[in-house]
Number of protein chains: 2
Amino acid sequence: MIVRDLNEAKNTERHVFSKGWDSVRLLLKSDGMGFSFHITTIYAGAELEMHYKNHLESVYCVDGTGSIEDCTTGEVHRIKPGVVYALDKNDKHILRADAEKPMIMACVFNPPVTGNEVHKDDGSYALEAESA
Amino acid sequence: MIVRDLNEAKNTERHVFSKGWDSVRLLLKSDGMGFSFHITTIYAGAELEMHYKNHLESVYCVDGTGSIEDCTTGEVHRIKPGVVYALDKNDKHILRADAEKPMIMACVFNPPVTGNEVHKDDGSYALEAESA
């Protein structure tokens with residue numbers, strides 16, 4: 001059994017920072033669960049274009065509000081606590097947090113993230129990560 | 001892209017009830033993510049012995065407090081918002097919610113739950129489910 005606390009993990013290398021967001025990787029590939037589990041903060045007012053070409057991801061909103069735009073269909077879905085979106089088609093998308101406060105998201109990746117990935121400018125993960 | 005709202009899913013067959021808990025299965029095997037994702041409520045004061053023999057499960061506490069006892073080691077870990085536990089060894093465990101209020105948990109199962117499972121008295125899933 002693995003037990004981890006978000007507040008303790010924030011002070012470790014599990015906590016990664018990028019432009020407009022940061023993420024605490026509570027469970028990674030090395031934990032052997034077959035998925036990874038992250039608590040990600042999308043900063044207030046952030047607009048993030050992302051495209052995980054080789055990962056499926058689900059994202060559950062714990063706090064905050066915003067929207068997700070499906071770049072394939074143009075549809076925009078409202079995000080609030082209790083809403084989950086799942087990128088079951090490796091969907092290219094734009095995530096926007098409202099200006100009032102950050103969005104706190106519980107994210108699951110399959111295959112699991114290794115922890116060494118870096119988002120590239122086009123919103124994907126680096127190639128090494130994508131083949132992980 | 002799949003988008004679902006917890007409050008809407010509560011009024012559907014995705015919402016299952018059992019003794020001491022209920023669960024809204026926001027993502028199931030049929031969604032093709034390779035995992036399932038559930039928001040589970042552990043009722044205040046509930047004590048649940050569980051043993052998922054053929055599923056790995058991670059559980060992240062969104063709200064409420066309680067504890068988890070590892071039946072193999074006897075260790076008891078405190079649960080509060082921000083704590084995740086992962087049953088990476090199919091660990092038999094006892095989950096206890098404090099008396100004050102329910103615990104709200106974000107759960108991930110691998111392999112994904114189909115939605116037809118029923119907890120058996122010994123805390124496992126029925127055989128058909130376990131082979132899912």
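All chains are named by letter (A, B, ...) in the order of the sequence lines, taking the proteins before the strands, and each is independently numbered beginning at 1. As the structure is a computational prediction, the values presented were derived from the model and not from experiment. All values below were derived from every heavy atom in this structure, side-chain atoms included, with hydrogens, water molecules and symmetry-related copies excluded.
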* To do: Under the side-chain contact (heavy atoms from CB on, under 4.5 Å) rule, what do A:R4 and A:D31 come out as? Steps first, then yes or no, please.
  => CA-CA 12 Å; A:R4 294 203 176 105; A:D31 292 311; 3.0 Å; yes
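Outside the 6.0 Å centre-distance limit, the rings of A:H77 and A:Y85 are not counted as a close aromatic pair. The ring of A:F37 has its center closer than 6.0 angstrom to the ring center of B:Y60.
Distance alone, capped at 3.5 Å, is enough to place a donor-acceptor pair between the A:R78 side chain and the A:G66 backbone.
By number of non-hydrogen pairs under 4.5 angstrom with chain A, the leading residue of B:N7, B:V24, B:T73, B:L87 is B:L87. Heavy-atom pairs under 4.5 Å with chain A peak, among B:D63, B:V62, B:I39, at B:I39. The most heavy-atom pairs under 4.5 Å with chain B, out of A:L27, A:I68, A:D5, come from A:D5. Put simply, of B:V84, B:V83, B:L56, the one with the most heavy-atom pairs under 4.5 Å next to chain A is B:V84. Each of B:G82, B:C61, B:A106 has some count of heavy-atom pairs under 4.5 Å with chain A, and the biggest count is that of B:G82. Interface summary for chain B: among A:D91, A:T72, A:I104, A:V59, the most heavy-atom pairs under 4.5 angstrom belong to A:D91.
A:V16 and A:Y43 are assigned to two separate hydrophobic clusters, defined by single-linkage of ILVMFWY side chains at heavy-atom distances under 4.5 Å. Follow the hydrophobic side-chain contacts under 4.5 Å out from B:L6 and you never reach A:M105; the two are in separate clusters.
For A:E57, the part lying near chain B is the backbone, with the side chain staying farther off; criterion is any non-hydrogen pair under 4.5 Å.
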